[in-house]
Amino acid sequence: MKLAVAELNSFYGQAHILFDVGLEVGAGEVVALLGRNGAGKSTTFRSIVGLVAQRSGRIVFEGEDVSARPTHAIVRAGLGYVPEERRIFTELTVDENLEVGRQPPRRNAPHWTPDKLFTLFPNLGEMRRRNGGHMSGGEQQMLTIARTLMGNPSLILLDEPSEGLSPKIVEQMANAILTMKREGVSILVSEQNLHFARLISDRAYIIERGRVRFSGSIAELDARPDIRDSFLAV
Amino acid sequence: MSFYVVQFLTGLASAASLFLVASGLSIIFGVTRIVNFAHGAFYMLGAYMAFTLTERLSGTVGFWGGIVLAALAVAAVGAAVEMILLRRIYKSPELFQLLATFGLTLMVEDLVVILWGPDDLLGRRAPGFRGAIDVFGQNLPSYDLFLIVIGPVVLGALWLLFHRTRWGVLVRAATQDRDMVAALGVNQKWLFTSVFAAGVFLAALGGALQIPRDAVNHTMDLRIIVDVFVVVVIGGLGSITGAFAAAVLVSELNAFGILVFPKISIILVFLVMAAVLIVRPWGLFGKAETAPRRTPGSAVRPWRPLTFAERVAVALVFAAAASLPLFGGNYAISVATEIVIFALFAASLHFLMSAGGLASFGHAAYFGLGSYGVALLAKLAGAPMLVCLLAGPLLGLAGAVVFGFFAVRLSGVYFAMLTLAFAQIAWSVAFQWVEVTGGDNGLLGIWPARLVATPARFYWLSLAISAALVVALRVMVFSPFGYALRATRDSALRGEAIGIDGKRVQWIAFVIAGTIAAVAGALFAYLKGSVFPDSLGISLSVDGLVMVLLGGVETVSGAIVGAIVYKALNIWLVSQTELSKLVLGGLIIVLVVAFPRGIVGMAELVVDRLRRRAQLSASPPSAALAQDIESAK
């Protein structure tokens, strides 16, 4: 198992957000975490990388419990995180954004260089000196992913990569994710868009009000329209 | 003509050190969000270190090597300070960080006197730059020319550092979003330490480069820090280019201001700063802060008026305080009077900070204006005490109306800086306008009316006025006006949306706090029988802040306890030790690190926990866990 999360409970102040969340990602797998707005997808991701300070539970990454480590150490162990709000450094150029993410190569993960990333996201290659603030939303989303890949992660958490993007860019994004999978990166991706998730993932979890309500393959999910309707339909 | 050219070049030369120190402060603020008050102390340490090293090491290499070594050594001290002290308080409100670094400044001031003695030290002249060159028939020291070159060279070197090295790119990224930098695998701890050390290096280098030009002494830290604050505020906190432009601007204003307006040379710089802040609140090259971190209000515990039992307890304490003259001697009574007056001063600042969310760094201005109001009425108009006490504080009110109008347009650190600047304007008027204020000699012979001329009676008067005004402040916190003020503090936007004119409410609060501080100042003038510019000075403003934070900024009336403890401690320390600044500074640091909630805040927390523990046994497991985690924070 690449990543195994068990009994994850998280809090913002007095508010209990996640209740005993458990999920697993196997090596080379793409797993979707599905749920509506506010279901707890982003909080799950933020808790895994240690950005939510008040949390308890086990987070076992490549056989080691990383839950007590600070964020940077978890990320350096090879667990890349792409935040939902993109959060690129708008004052820095594309090249500089990538430089911030750069980490030494890792044995068990593909090694990414700016040139290799520019073949994955050709748009970025055309604007290497451009400031992050002067890019479109889709370009920013690609830059966020590319920046995290510069850390050569063996597993990557992608928080709603398709959100707010045009259909054409969503398609590019799906292709990029499948390329990452082929390269050998394990991926946990959160989504509201079932169609997009179906394009890219092997398995899915559904989270609702901070609890995992479903776990199974995409085919199994398709066989249960009742679950889909009660936890995903708007 | 040639005279003006030389004056201009001298201004440019002074800009070099100012730029070095200011850029260091800016870099540190950008990444760590700490406004490092101790930056002036590091500048001073750099000068002292350079003095010693250049005395010991001989020759050209020895001199320049000594300058660089001094800066490196002080940078190492800075790194140690960051690791030992600042790492513990990054999560604290920014005021606590300012206060901790202020405590550090106090300690360094005493330490340099211990190590290097109290006298001015004259450093070696720089080898190769001993002479003067001829500029249109006027002499300009060649060292000035060297400094003029150094400024742009350092600016260029910093640009390269921040754009051509990985470290520089990380620093710029962290300046924008430090959590994201951590989420990309960068260890913030070491980034912060290195940034702090680099900033301190620049400050110390600025100090070291001053020794061929100026005498080294133990007051140079406060002189430079005010100028540096002005520079970074005009230039924009976090902008190095801004620091350079503003350092040149400020130095030239100083160089020419003294020719054009010899009387108000100090004021000129502050007027320009105020003008810049009103037009561009984030400085010439600065960027608007996205979400300024609020100081108070992070507590979950809501405020409430005192219960009946608590009111009885307060009345008993008041009665006990009022009975002091029955058993205390004259010295005790006069100390108590001073404490009571400062409790009122602290309470007025606390009202502004806690209910208003506005941390003023120049609250002493209104205290001092109240003192001068009384003194001027008594000395110039010969008015009786009753008239003076009623009308004197109006000067403080007027000052608060004018300064507050501008100040409430800003928030956070910028509000703090602008109030500091206004206080310095008031101070420099009192200091320079000798004909009216007596300048440094102050105004003497302000005696209370015969009715309250004994220490005990004056104590009772002060106690009655202070208690009445503190009660008034509390009533205001729980009045509709107080709700509007707190709503504006918590969310200005939502307040506007329900029809609260936030700026106006804050302005009124500023005027109320200023006026009450002025009443305290008026009483203080009668207690001491004299008024000096110090009563408007930075150190009194900082004393007020310490009292508030010591008491607990998130409480309603903690400042009173803070004032009593701090003032008593201060008076006792000064009587006990020569090194009161060292002890006091150390104490401030310990308090900030160990009791970030202040004395009253701490007490409330303990009571809360005891209550919660009682509830806990009855609550379900998940809620119990939530509370455990909450209290472990």
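Note on naming: letters A, B, ... go to the chains in the order of the sequence lines (proteins, then strands), and numbering restarts at 1 for each one.
- The two residues Gln103(A) and Leu184(B) make their nearest non-hydrogen contact at NE2-O, 3.3 Å.
- In this structure the side chain of Asn187(B) reaches within 4.5 angstrom of the side chain of His72(A), judged on heavy atoms.
- Closest approach of Ala183(B) to Leu51(A), counting heavy atoms only: CB-CD1, 4.3 Å.
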Test side-chain contact (heavy atoms from CB on, under 4.5 Å) applied to Val181(B) and Phe89(A), step by step: CA-CA 9 Å; Val181(B) 172; Phe89(A) 304 110; 3.6 Å; yes
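- Closest of all the heavy-atom pairs between Ala173(B) and Val100(A) is CB-CG2, 3.6 Å.
- Proximity to chain B (any heavy atom under 4.5 Å) is restricted, for Ile88(A), to the backbone atoms N, CA, C and O.
- Between Met180(B) and Arg147(A), the closest side-chain pair of non-hydrogen atoms falls below 4.5 Å.
- Heavy atoms of other residues, nucleotides or ligands lying less than 6.0 angstrom from NZ of Lys189(B) number 12 at most.
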Residue pair Glu99(A), Arg166(B): steps toward the salt bridge (charged side-chain N to carboxylate O under 4.0 Å, His left out) verdict: CA-CA 7 Å; Glu99(A) 173 63 26; Arg166(B) 175 172 169 84; 3.0 Å; yes
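- Between chain B and the options Ile74(A), Thr93(A), Val82(A), Thr90(A), the largest number of non-hydrogen pairs under 4.5 Å is found for Thr90(A).
- Ionic pairing of Glu96(A) and Arg172(B) is present here: one or more N-O contacts between side-chain nitrogen and carboxylate oxygen are shorter than 4.0 angstrom.
- In Leu493(B), the CG atom is not crowded: 12 or fewer heavy atoms of neighbouring residues, nucleotides or ligands sit closer than 6.0 Å.
- Within 6.0 Å of the CZ atom in Arg88(B), the count of heavy atoms belonging to other residues, nucleotides or ligands does not exceed 12.
- Atom NE2 of His163(B) is surrounded by more than 12 heavy atoms from other residues, nucleotides or ligands within 6.0 Å.
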